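Structure, as structure tokens:
Worth saying up front: this structure is predicted, and the values here are computed from it rather than measured.
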Amino acid sequence: MGNFDLLMHGFGVAITPMHLLLMVGGVLMGLVVGVLPGLGAPNGVSLLIPLTFALDPTSAIILLSSMYWGALFGGSTTSILFNIPGEPSSVATTFDGYPMARKGESTRALTLAFMSAGVGALTGVIVITLLAGWASNFALKFGAPEYFAVYFLAFAAFIGMGSASPAKTLVSLTTGLLLATVGMDTVTGEIRLTFGLDQLLSGISFLVVVIGLFGIGELLSTVQEGLRFRGVSSRIDLRDVFKTIAELPRYWATTIRSGLIGIWMGITPGGPTAASFMSYGIARQASRKGEPFGTGRPEGIVAPETADHSAGSCAMLPMLALGVPSSATAAVMMGGLMIWGLTPGPMLFATKPDFVWGLIASMYVSNLIGVILVLATVPMFAALLRIPFSIIGPMIVVICFVGAYTVSNSSFDLWLVLLFGLVGYLFTKLDYPLAPLVLAMVLGHKAENAFHQSMILSNGSLDIFFSNTLVTSIMVIALALLVLPKTLQLSSRLRRRQPVE
């Protein structure tokens with residue numbers, strides 16, 4: 001009952017006129033971010049962080065998280081109406097969402113997507129509510145070696161369980177770790193990787209890197225692909241909405257299975273995109289007789305949307321309780337917390353309960369607001385997508401540069417945005433994942449400090465990472481996640497290649 005009492009207190013913090021307005025505003029801005037290809041949730045949240053400096057941390061995180069939920073909803077809108085995923089995690093929704101809309105059932109497709117998304121998000125938030133207290137109490141047992149082991153576990157999981165090749169993931173992680181070391185070492189006082197530039201003495205701004213990678217980089221990719229919007233009817237019929245809601249219980253098995261997949265992929269570094277694809281693939285394999293997937297099958301919409309939003313919600317749990325973000329957007333939010341002077345981890349629950357439980361309570365409310373607003377604003381955003389991309393593109397560039405300049409009022413940051421925009425474009429074209437780079441930038445400094453402290457405690461011996469049951473267990477799990485998934489995949493391929501006698 002402890003968590004329930006804290007949650008009720010959180011609702012008292014979250015449900016105020018000011019916070020409700022922030023939720024509505026955040027969801028609406030998130031819908032714009034999700035609808036417009038080339039922005040994306042990580043970039044949208046990073047652009048919004050400078051605007052939150054005038055708010056208290058609780059109001060700020062409610063605004064950012066509401067924008068995140070709105071972005072996830074918005075990506076589904078374009079996937080179904082235009083066959084253009086506004087978010088990477090919405091790609092799987094296009095497989096059956098767009099074909100259903102082309103049949104003249106756009107209201108049914110959108111309602112299936114949004115209601116499934118709402119159920120998935122609610123599932124994820126319930127998991128956070130139930131596990132948050134346990135996870136934070138468990139993390140109180142951690143010292144410097146345990147924290148380094150957890151950071152190593154996060155890096156290993158991205159390499160071993162990520163969809164990209166391990167070598168490319170390693171390159172991305174290493175790049176992020178190098179960027180995190182730029183400037184003055186807080187332990188030794190040495191100046192590193194500044195190349196004689198005074199502007200780099202304080203390090204490279206995390207927000208500037210994210211704006212370049214996800215904003216300018218994605219925009220360059222979009223321009224090269226010659227984006228064209230081809231939409232279908234976007235009028236919402238309320239009778240069809242209620243008819244589709246009554247239809248949803250038929251897909252209870254798909255919903256439960258996809259929710260569980262989303263929970264697992266959200267807590268681990270799999271993320272919403274991997275969760276949506278995995279859920280879609282499993283739903284297709286488990287399907288019974290009926291129209292084939294890819295032609296507008298309802299389960300092909302329910303599965304990825306439920307898993308996508310369940311994973312998006314659950315990604316907040318390791319970020320809040322352990323200080324380890326499991327997605328790019330969670331990493332950006334964690335960067336915001338550190339800018340506001342808050343340290344994610346178990347002590348956050350003890351020292352700032354209003355902040356933590358106010359955020360968790362706001363997740364329930366903002367996701368409900370998201371479902372209502374996204375159904376109400378579909379025609380408006382569909383009309384927005386009919387504006388030529390030659391007009392929308394420059395607007396996105398201006399937003400990115402203004403957001404980057406407001407971080408520290410430095411024109412040098414504008415050059416960094418351009419540089420990292422090119423880096424993001426090249427990474428995308430060469431299939432190098434960006435999420436590990438962002439994760440490494442956020443955790444790099446913390447991991448380095450934990451390693452330094454561990455070495456001081458052990459007089460330079462690595463044995464400290466196997467000195468007790470807890471740290472040994474975490475390191476063994478990390479090594480297993482690093483090696484086992486790819487080893488099993490390799491052995492499976494070798495077995496398939498063996499000639500049958």
For residues 470-484, which residue pairs qualify under side chain to side chain donor-acceptor pair (under 3.5 Å), counting only residues two or more places apart or in two chains?
none

Give a yes or no on whether the backbone of Leu260 and the side-chain of Trp264 come within a donor-acceptor separation of less than 3.5 Å.
no

Where Trp357 and Thr129 come nearest, the two heavy atoms and their spacing:
CH2-O, 3.8 Å

Separation between CG of Leu320 and CG of Leu342, rounded to the nearest 0.5 Å
10.5 Å

Nearest heavy-atom contact between Phe155 and Ala440 is CE2-CA, 4.1 Å

Between the CG atom in Leu422 and the CD1 atom in Ile216, the distance rounded to the nearest 0.5 Å is 9.5 Å

Backbone N or O of Pro304 within a donor-acceptor pair of the Asp308 side chain at under 3.5 Å?
no

Which value, rounded to the nearest 0.5 Å, describes the distance between Leu462 atom CG and Ser454 atom OG?
10.0 Å

Can you name the nearest heavy-atom pair linking Met319 to Pro344, along with the distance?
O-CB, 3.2 Å

For the residue pair Leu28 and Leu31, establish whether any side-chain heavy-atom pair is separated by less than 4.5 Å.
yes

At their closest point, which heavy atom of Met333 faces which heavy atom of Leu64, and how far apart are they?
CE-O, 3.7 Å

Side chains of Leu122 and Asn367 in contact at under 4.5 Å (non-hydrogen atoms)
no

Check whether any side-chain heavy atom of Trp69 sits under 4.5 Å from a side-chain heavy atom of Met363, and report yes or no.
yes

Leu317 vs Cys314 side-chain heavy atoms within contact, under 4.5 Å:
no

Considering only heavy atoms from C-beta outward, does the side chain of Val423 approach that of Leu213 to under 4.5 Å?
yes

A quick test of your reading: do over 12 heavy atoms of other residues, nucleotides or ligands sit less than 6.0 Å from CE of Met184?
no

Where do Leu359 and Val13 land on the side-chain contact (heavy atoms from CB on, under 4.5 Å) test, with the steps shown first?
CA-CA 9 Å; Leu359 168 61; Val13 173; over 6 Å; no

By side chain to side chain donor-acceptor pair (under 3.5 Å) - contacts of Tyr432 (at least two apart)
none

Using the side chain to side chain donor-acceptor pair (under 3.5 Å) criterion, which residues pair with Thr306? Sequence neighbours excluded.
none

For Met67 and Val27: C-alpha separation, side-chain torsions, deciding distance, then whether side-chain contact (heavy atoms from CB on, under 4.5 Å) applies.
CA-CA 5 Å; Met67 185 179 190; Val27 169; over 6 Å; no

With side-chain contact (heavy atoms from CB on, under 4.5 Å) as the test, would you mind laying out the steps for Tyr405 and Asp413 before giving the verdict?
CA-CA 6 Å; Tyr405 186 77; Asp413 287 344; over 6 Å; no

Which donor-acceptor pairs under 3.5 Å do side chains of residues 113-121 form with protein atoms, sequence neighbours excluded?
{"residue": "Ser116", "atom": "OG", "partner": "Leu112", "partner atom": "O", "Å": "2.6"}

Can you list everything that forms a side chain to side chain donor-acceptor pair (under 3.5 Å) with Ser59? Sequence neighbours excluded, please.
His19, Asp56

Quick check: does any side chain N or O of Ser172 sit under 3.5 Å from a backbone N or O of Lys168, one acting as donor and the other as acceptor?
no

Could you pull out the closest heavy-atom pair between Ser366 and Ser66, with the gap in Å?
CB-OG, 3.5 Å

Set of residues satisfying side chain to side chain contact (heavy atoms under 4.5 Å, CB included) with respect to Leu200, sequence neighbours excluded
Val182, Thr194, Leu197, Ile204, Phe412

With heavy-atom distances below 4.5 Å as the criterion, would you say the side chains of Val471 and Ser467 are in contact?
yes

Using the ring-ring contact (aromatic ring centres under 6.0 Å, His included) criterion, which residues pair with Phe148? Sequence neighbours excluded.
Phe451, Phe465

For a 4.5 angstrom cut-off between non-hydrogen side-chain atoms, does Val356 reach Leu6?
no

Residues at least two apart in sequence or cross-chain that pass side chain to side chain contact (heavy atoms under 4.5 Å, CB included) with Ile477, listed by chain then number, are Leu153, Leu481

From CA spacing to verdict: side-chain hydrogen bond (donor to acceptor under 3.5 Å, both in side chains), Asn468, Glu146:
CA-CA 10 Å; Asn468 61 60; Glu146 287 80 10; 3.0 Å; yes

So Leu130 and Ile126, do their side chains get closer than 4.5 Å, heavy atoms only?
yes

side-chain hydrogen bond (donor to acceptor under 3.5 Å, both in side chains) between Thr93 and Glu305: does it pass, once the steps are laid out?
CA-CA 7 Å; Thr93 306; Glu305 285 297 312; 2.6 Å; yes

Could you work out, with ring-ring contact (aromatic ring centres under 6.0 Å, His included) as the rule, every residue matching Tyr364, not counting sequence neighbours?
Phe11

Minimal non-hydrogen separation, Ser310 against Gly262, with atom names:
OG-C, 3.6 Å

Hey, what do you get for CG (Leu482) to CZ (Phe152), rounding to the nearest 0.5 Å?
5.5 Å

Mind checking ring-ring contact (aromatic ring centres under 6.0 Å, His included) for Tyr280 and listing every partner two or more places apart, or none if nothing turns up?
Phe95, Phe293

Short question: side chain of Thr175, backbone of Val171 - any donor-acceptor pair under 3.5 Å?
yes

Atom CE of Met441 and atom CG of Leu177: how far apart are they, to the nearest 0.5 Å?
10.0 Å

Strictly by salt bridge (Lys or Arg N to Asp or Glu O under 4.0 Å), give each pair with a member in residues 433-455 just once, sequence neighbours left out.
Arg192-Glu448

Checking His9 now: which residues fulfil side chain to side chain donor-acceptor pair (under 3.5 Å) with it, not counting sequence neighbours?
Asp354

Out of curiosity, Leu170 CG to Ile159 CD1, how far, rounded to the nearest 0.5 Å?
5.0 Å

I'd like to know whether Leu337 forms a side-chain contact (heavy atoms from CB on, under 4.5 Å) with Phe355, so could you lay out the CA-CA distance, the side-chain angles of the two residues, the decisive distance to 0.1 Å, and finally the verdict.
CA-CA 11 Å; Leu337 262 64; Phe355 174 86; 4.0 Å; yes

